[in-house]
Amino acid sequence: MIDATPSVCIIDDDADIRDSIRFALEIEGYHLIEAVDGEDALTRLHSSDRPICLILLDLMMPGMNGWEFRRRQLADPELAGIPVYLISGGRELPHHAVELQARGYLSKPVALTALLETVGQFCHRDQQNRC
Amino acid sequence: MQVESFEKVLQSIVDNATAVIYVKAVDGRYLMINQRYEDLFHVARDEIIGKTDYDIFSKPQADAFRANDERVVAEGHPIELDEQVFQDDGLHEYISLKFPLRGNDGRVEAVCGISTDVSSRKQAQDQLQRSLSLLEATIESTADGILVVDRVGSIVRYNRRFVELWRIPDAVLATHDDAAAIAFVLDQLADPEAFLAKVRSLYASPEASSYDKLSFKDGRTFERYSQPQRLGGDVVGRVWSFRDVSARIHAEQHRDHLLADEREARPLAEEAVRVRDDFLSVASHELRTPVASLMLVIQSLEHRLDRFDIDKVRWAVANASRQVERLGRLIDSLLDVSRFQAGKLELKRDFVDLAAIARDVVDQLADQAVRLNTQVTLSSDRPVIGRWDGFRLEQAATNLLSNALKFGLSRPVAVKVSAADGIARLTVSDHGIGIPEALRPRLFQRFSRGVSARSYGGLGLGLYITRLVVEAHHGTIGVTSEEGQGSTFTVELPIDMAGEIATSP
């Protein structure tokens with residue numbers, strides 16, 4: 001049986017952030033795709049054999065940053081419909097969320113409850129892998 | 001003409017005179033008065049004959065008239081006198097010409113008086129005195145220097161302020177010659193020729209008014225106004241007024257300088273504010289990242305502790321520990337900046353080996369290099385020992401290697417330590433994104449970054465701190481770079497000790 005549990009995609013250049021999100025979400029039964037920047041994300045999203053239920057997008061990244069990724073994603077009919085939550089910091093975050101037509105934003109440092117609530121809105125858990 | 005008719009003519013002239021005319025005997029009794037007398041003092045000429053002034057006037061007045069009359073008799077010649085008389089409408093001033101009338105034997109037999117009412121003339125004179133006094137007080141109390149010159153160039157009037165302003169000696173003014181005064185002041189002016197030309201043109205056109213600014217050699221500035229003086233419709237002279245506006249001009253110049261300084265300083269201040277704001281935004285991002293990681297890991301542990309296996313828990317603790325270290329390093333950097341700004345970079349010098357420091361740093365960043373898939377090579381064939389601050393040099397080397405990893409595009413990074421001619425040298429080379437030439441001059445400045453904050457994090461302090469550390473050691477730091485090809489940073493430190501230590505195998 002093909003595992004069709006959708007994946008959460010986290011795009012952040014900081015390995016510690018990616019690791020901690022993976023740590024927090026996997027124990028809840030979510031599947032995760034990690035990308036270090038926008039370009040990496042575009043490749044991984046296209047090659048994913050699972051549907052993507054949510055993208056958590058950092059803005060400041062070396063290589064392709066969040067703004068450019070979002071522009072490319074919206075221009076890509078295959079990916080344009082995937083909901084995006086910004087996960088970043090700064091006072092301008094709400095402004096960027098509107099600017100980038102994101103579904104919402106999570107301000108770093110993100111409380112676990114807020115992260116789980118957001119992901120829960122968009123994604124089903126993997127019943128088999130769930131502990 | 002008959003004698004009788006001649007008398008009539010005389011009587012007619014006397015009666016039609018506007019003056020009061022009368023003849024009194026030496027004992028004071030009236031012999032004759034004219035029509036004017038009758039009208040003014042309400043007495044008929046028939047009635048007054050044989051009467052004296054005491055019958056017509058009050059005693060003090062009569063006494064005064066009598067004394068004057070007696071004086072004429074005694075002196076025997078005409079005398080002009082001021083006399084006052086109360087009339088119906090008040091006190092009147094008269095000028096009286098009194099003269100003796102003599103008999104055939106030459107003795108004075110009578111006194112004739114011709115008294116002219118000068119009350120209105122006297123009032124006009126008083127009025128004129130008051131006007132002159134007002135004018136005088138005004139001219140002297142004004143802050144302007146005033147000079148009045150007539151049409152032939154003589155000084156008519158000037159005030160004390162004029163003398164003070166122009167510092168003209170009394171002797172020059174005493175000549176009343178405007179040309180002499182002008183000659184004296186010319187020397188004080190920055191542009192005497194222009195002033196002279198202006199003065200000449202004004203004297204040539206008497207009707208003209210003019211305004212000008214005069215600059216002095218000693219830095220003073222006067223405003224000059226000149227107006228024709230008119231009498232009736234005619235121009236009879238010219239009034240010059242001078243106002244010392246040096247203080248105002250200086251204040252204006254001072255204000256202009258301040259404004260210019262402020263205009264100059266504003267972009268710098270705005271730039272400083274912008275740089276600080278950028279730094280605060282970047283710093284908060286940098287501090288937020290380890291906190292974010294730490295928070296999720298700790299809260300997950302708390303939330304699902306029963307579900308995690310021991311390996312995951314170990315990983316979580318190691319991760320938490322790493323975030324705490326990361327925070328510590330950030331805080332150290334921030335403290336360093338404020339410490340450096342207060343000028344308090346104190347080196348703790350001891351004998352340290354730069355090669356060993358480089359090795360330690362490469363080891364410490366090995367994890368990061370692996371994560372970034374970057375190969376780091378260290379070449380140092382022998383110890384390079386100097387009296388340096390080991391902690392600070394380690395900080396400098398860490399900053400350089402971190403940057404090489406961060407901007408190195410996962411391509412190989414080389415660290416080299418060498419020494420020659422009393423100079424220790426540390427180079428860190430990468431083959432990464434490189435530094436655009438335009439950014440290089442600012443590279444070692446505080447809060448400067450070679451790349452956009454939208455792409456790369458970091459406080460923008462690494463190279464700044466590194467430069468301060470190197471300079472505190474009296475060393476130098478430099479960079480060669482090519483965009484897209486990579487960068488090489490070179491630190492050179494003087495080995496201020498008794499040479500290098502013998503190489504150990």
Side-chain angles (χ1 to χ4, degrees), chain A residues 10 12-30 32 34 36-40 56 58-70 87-93 95-96 99-100 106-119 125 129-131, chain B residues 277-278 280-309 312-313 315-327 367-368 370-373 405-410 432-433 449 451-458:
Chain A
I10 167 74
D12 196 315
D13 63 308
D14 194 289
D16 290 332
I17 293 287
R18 297 195 307 270
D19 286 349
S20 59
I21 288 176
R22 177 179 288 281
F23 184 80
L25 291 182
E26 275 186 350
I27 198 76
E28 302 293 332
Y30 294 106
L32 231 75
E34 289 181 36
V36 298
D37 66 11
E39 198 164 356
D40 187 23
L56 298 175
D58 185 23
L59 291 173
M60 297 202 290
M61 289 178 288
M64 188 189 294
N65 64 30
W67 287 271
E68 177 63 10
F69 165 80
R70 183 64 177 143
I87 180 162
S88 190
R91 265 179 314 208
E92 294 90 17
L93 193 53
H95 169 81
H96 295 320
E99 174 194 23
L100 295 178
L106 293 166
S107 194
K108 288 178 186 172
V110 183
L112 178 69
T113 48
L115 176 68
L116 296 181
E117 199 175 292
T118 300
V119 174
R125 302 173 202 222
N129 289 353
R130 200 172 165 187
C131 305
Chain B
D277 288 351
D278 283 358
L280 288 176
S281 142
V282 168
S284 67
H285 176 265
E286 287 300 301
L287 289 166
R288 203 178 277 128
T289 302
V291 171
S293 178
L294 195 57
M295 197 156 124
L296 278 179
V297 169
I298 300 283
Q299 288 180 347
S300 290
L301 277 180
E302 202 176 24
H303 187 54
R304 297 291 190 200
L305 193 54
D306 51 333
R307 289 202 199 167
F308 285 112
D309 59 36
K312 283 276 186 194
V313 173
W315 177 90
V317 171
N319 179 284
S321 171
R322 200 163 59 236
Q323 303 316 314
V324 170
E325 278 172 29
R326 196 170 158 180
L327 277 173
D367 272 3
Q368 197 180 326
V370 169
R371 278 164 173 268
L372 290 164
N373 200 22
L405 293 173
K406 186 169 160 188
F407 303 112
L409 298 174
S410 299
I433 62 173
R449 48 181 65 251
V451 289
S452 154
R454 280 194 167 192
S455 297
Y456 289 89

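So you know, we letter chains A, B, ... as the sequences are listed, proteins then strands, and number each from 1.
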dist A:Leu115:CG -> B:Gln299:CD (nearest 0.5 Å) comes out at 9.5 Å

Heavy atoms of other groups near A:Glu34 CD, more than 12 under 6.0 Å: yes

Worksheet item: Under 4.5 Å between any side-chain heavy atoms of A:Leu112 and B:Met295, yes or no?
Response: no

Exercise for the section: Give a yes or no on whether the backbone of B:Leu296 and the side-chain of A:Ser20 come within a donor-acceptor separation of less than 3.5 Å. Expected result: no

Taken to the nearest 0.5 Å, the spacing of A:Leu116 CG from B:Ser300 OG works out to 7.0 Å

Rounded to the nearest 0.5 Å, the CZ atom of B:Arg371 sits from the CG atom of A:Asp19 at a distance of 5.5 Å

Taken to the nearest 0.5 Å, the spacing of A:Ile27 CD1 from B:Lys312 NZ works out to 7.5 Å

Turns out that what part of B:Leu294 lies under 4.5 Å from chain A's heavy atoms comes down to neither

Around atom CG of B:Asp309, are there more than 12 heavy atoms from other residues, nucleotides or ligands closer than 6.0 Å? yes

| query | Under 3.5 Å, is there a donor-acceptor pair between the side chain of B:Arg288 and the main chain of A:Pro109? | reply | no

So, the part of A:Ile21 with a heavy atom under 4.5 Å from chain B: the answer is both

So NZ of A:Lys108 and OG of B:Ser284: to nearest 0.5 Å the spacing works out to 11.5 Å

Applying a strict 4.5 Å limit to non-hydrogen atoms, the region of B:Glu302 in contact with chain A is neither

Turns out that what part of A:Asp14 lies under 4.5 Å from chain B's heavy atoms comes down to side chain

One should read off an interatomic distance between B:Asn319 CG and A:Phe23 CZ, to the nearest 0.5 angstrom, of 8.0 Å

